[in-house]
Each structure stands twice: as structure tokens, then as C-alpha cells.
Amino acid sequence: MTPDSVEEFYRRLAKDNPNPRSELVFKNPYTLLVSVVLSAQATDVSVNKATEPLFKIVDTPQQMVDLGEDRLKDYIRSIGLYNNKAKNIIALSHILVEKYQGQVPADQKALEALPGVGRKTALVVLNVAFNRPTIAVDTHIFRVANRTGLAPGKDVRAVEKALEDVTPEKYRLHAHHWLILFGRYICKARKPECLRCFESDLCAAVKETGIPLQS
DNA sequence: AACTCGGGGCA
DNA sequence: TGCCCAGAGTT
């Protein structure tokens with residue numbers, strides 16, 4: 001994709017979604033962190049369903065510690081992978097209370113040092129909670145970048161580098177959110193909605209096949 | 001690099 | 001039924 005095509009690609013994403021808001025719960029940086037940890041290999045819909053009642057009771061690390069692992073599991077069981085996630089969230093909350101005065105550190109290394117927080121989670125928290133222009137390449141963005149030709153790459157790090165190189169500065173802050181939603185609702189894994197896609201004339205996959213992907 | 005964790009949604 | 005989901009930790 002040429003630089004002009006990339007610019008146009010982002011221009012359309014921005015037009016489609018002028019005021020991007022995370023679909024995960026962001027009452028404060030802590031609830032966002034917990035939401036993103038819970039989102040690993042889970043759908044944001046299932047996470048929101050579980051965290052809506054949880055965050056009415058708990059929205060600080062101290063309250064989470066007081067809630068305890070067993071009662072936390074009752075809230076998040078429907079999400080899946082709940083044993084590891086509950087243990088990590090309790091442990092992570094202890095660390096926030098003891099080392100960070102109950103605050104979420106706005107630092108990638110500090111975030112990645114927390115149990116249950118890896119590279120992607122850290123980058124998403126920095127982006128959404130602290131307005132850093134980070135792009136975390138998850139399954140959606142990896143697929144979108146490769147399929148459309150926006151930022152091809154064989155592994156996550158290659159796509160991440162490609163996106164950093166190609167994404168215009170003015171779109172950097174919201175790029176992650178736009179690409180995620182584009183992948184989730186339009187450029188879907190199974191049945192991409194090419195017939196109503198506003199990027200199909202720029203898409204490498206469409207160019208290759210000559211016809212919009214569908215079925 | 002290859003497991004393992006995991007219930008829910010969807011075709 | 002089988003595949004996928006805003007991945008991370010361990011071996």
C-alpha cells in the first residue's frame with residue numbers, strides 16, 4: 001500500500017468513527033487494566049458482561065484485595081481462563097497497593113512486570129488510560145494489517161514495526177482502537193463484510209482475488 | 001516453538 | 001462440532 005493509500009485508509013477509519021472510545025470499561029486506569037487482563041483470549045462482550053456488576057463493587061486495587069480471589073472468581077467465571085486471571089488480578093492488585101500507592105503506573109516496563117500483564121496489555125493500557133500513541137498488535141490487528149496490505153508481516157513484531165513506520169502521526173493515538181473495531185465488525189476473521197466495507201478498493205486481498213471476499 | 005489455561009458465541 | 005475470542009506464563 002502506498003503512503004497515499006495508507007493515509008486514505010486511516011482517513012476513512014477516522015470518518016467512520018470520529019470519537020473513538022474503548023469498548024472496555026474505563027472508569028479509571030485500574031478498571032481498564034483489569035478489563036484488559038480479563039480480555040486475553042476472550043470477547044470484550046463477555047468481559048463487559050462480567051465486569052459491569054464487579055466494578056459497581058470494586059474499582060480500586062485495595063477493594064479487589066479485600067474482595068479476595070474466591071469471590072472474584074464468582075464474577076469472572078463466565079469469561080474463561082478464570083483461575084489464572086483471578087490469581088493474577090489479586091496478585092497484581094497487591095503490588096499496586098504496596099509499590100504504587102494504589103495507582104496504575106504509566107510505564108510499559110512497570111506494567112509488564114505485573115502478573116498477567118504482557119506486552120499487548122501494557123500497550124493497550126498506556127494507549128487508552130494514558131493517551132500514549134501505542135499500537136498493540138493483537139489477533140484483530142494482525143489479521144487486518146496483513147489482509148489489507150496496510151502493514152504486512154510474518155510475526156507480531158514485524159507487523160508492529162510496519163505499523164509504526166506507516167501510520168501517520170495524526171492518526172497514531174487512535175490507530176489501535178480504529179483497527180481493532182474495523183477488524184471486529186468489518187474485516188472479520190470468518191466472514192469479512194467486504195460488500196459494505198469502505199476500504200475494499202484499497203484492500204490487497206480484494207485486489208488479489210478481483211472480487212470482494214464474502215459468503 | 002509448543003503447550004496450557006477455558007467458558008461462551010457463532011455458524 | 002469446530003473455530004475463535006482486545007494473551008500470558010511456563011517448559
Side-chain angles (χ1 to χ4, degrees), chain A residues 13 17 20-27 29-55 69-70 72-93 95 104 108-147 150-151 153-160 163 167 172-193 213-215:
Chain A
L13 288 179
N17 190 357
R21 284 180 298 109
S22 175
E23 300 204 341
L24 297 172
V25 177
F26 178 29
K27 290 176 65 176
Y30 177 69
T31 66
L32 179 77
L33 173 59
V34 173
S35 291
V36 180
V37 168
L38 291 173
S39 296
Q41 295 302 104
T43 62
D44 53 346
V45 174
S46 72
V47 171
N48 287 339
K49 194 178 300 180
T51 55
E52 183 182 347
L54 173 63
F55 291 151
E69 186 172 332
D70 289 339
L72 174 57
K73 282 184 185 177
D74 292 337
Y75 282 95
I76 68 173
R77 185 163 287 111
S78 62
I79 295 177
L81 303 178
Y82 56 89
N83 284 303
N84 287 336
K85 288 176 179 177
K87 187 191 309 175
N88 286 334
I89 287 170
I90 295 298
L92 153 178
S93 300
I95 295 175
V104 176
Q108 186 179 347
K109 287 288 163 33
L111 287 169
E112 290 182 8
L114 298 172
V117 179
R119 179 181 182 78
K120 299 192 192 102
T121 300
L123 291 176
V124 169
V125 169
L126 288 174
N127 184 355
V128 177
F130 298 109
N131 291 317
R132 303 290 176 78
T134 56
I135 303 175
V137 177
D138 57 28
T139 56
H140 283 311
I141 295 183
F142 185 80
R143 178 182 67 253
V144 168
N146 275 293
R147 184 186 280 164
L150 176 66
K154 302 139 295 300
D155 57 28
V156 173
R157 297 302 291 266
V159 171
E160 186 179 306
L163 277 176
T167 303
R172 188 67 72 84
L173 181 60
H174 299 302
H176 179 88
H177 186 77
W178 281 324
L179 293 171
I180 281 277
L181 293 187
F182 180 69
R184 192 157 122 62
Y185 295 115
I186 298 178
C187 199
K188 300 185 292 187
R190 298 281 190 75
K191 292 164 49 178
E193 304 276 353
L213 306 172
Q214 62 163 331
S215 85

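The sequence lines fix the lettering, A, B, ..., with proteins before strands; numbering per chain opens at 1.
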For [N], take OP1 and OP2 only and decide whether either is under 4.0 Å from a side-chain N or O of [X].
X	N	answer
K49(A)	dG9(B)	yes
S39(A)	dC5(C)	no
N84(A)	dG9(C)	no
T121(A)	dA8(C)	yes

Exercise for the section: Tell me, with the steps shown, if T31(A) and T51(A) meet side-chain contact (heavy atoms from CB on, under 4.5 Å). Expected result: CA-CA 9 Å; T31(A) 66; T51(A) 55; over 6 Å; no
Exercise for the section: Check every atom of dG9(B), dG6(B), dC4(C) against the side chain of N83(A) and return the nucleotide holding the closest atom. Expected result: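 So the side chain of N83(A) is nearest to dG6(B).
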So, does [X] use its side chain to make a donor-acceptor pair with the main chain of [Y] at under 3.5 Å?
X	Y	answer
N17(A)	W178(A)	no
R119(A)	V137(A)	no
N127(A)	L123(A)	no
K85(A)	L38(A)	yes

Practice task
Tell me which of R190(A) and G80(A) sits closer to the 5' end of DNA chain B, going by the nucleotide each one is nearest to.
Solution key: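 Nearest-nucleotide comparison on DNA chain B picks G80(A).
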Between [N] atom [atom2] and [X] atom [atom1], what is the distance in whole Å?
X	N	atom1	atom2	result
K87(A)	dT10(C)	NZ	P	9 Å
N88(A)	dT10(C)	CG	C1'	12 Å
R119(A)	dG7(C)	CZ	P	15 Å
I89(A)	dG7(C)	CD1	C1'	13 Å
R184(A)	dC5(C)	CZ	P	11 Å
Q41(A)	dC5(B)	CD	P	14 Å
L81(A)	dC3(B)	CG	C1'	13 Å
K120(A)	dA8(C)	NZ	C1'	8 Å

Exercise for the section: Please tell me which of P115(A) and A42(A) maps to the more 5' nucleotide of DNA chain C, matching each residue to the nucleotide holding its nearest heavy atom. Expected result: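 Of the two residues, A42(A) wins.
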Practice task
Name the residue closer to the 5' end of DNA chain C, choosing between D44(A) and G116(A) according to the nucleotide with the nearest heavy atom.
Solution key: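 Per heavy-atom nearest nucleotide, the more 5' residue is D44(A).
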Sugar-phosphate only, base, or nothing, as touched by [X] at under 4.0 Å among non-hydrogen atoms:
X	answer
S78(A)	sugar-phosphate
V117(A)	sugar-phosphate
L114(A)	sugar-phosphate
I141(A)	nothing

Practice task
Sticking with atom C1', work out how far dG9(B) lies from dA8(C), rounded to a whole angstrom.
Solution key: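 Roughly 23 Å separates the two C1' atoms.
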Handout entry: Whole-angstrom distance between dG6(B) and dT11(C), as gauged at atom P
Key =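 One P to the other, the span is 16 Å.
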Problem - L114(A) side chain reached by V37(A) side chain, heavy atoms, under 4.5 Å - result: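 With C-beta onward as the side chain, the pair stays apart.
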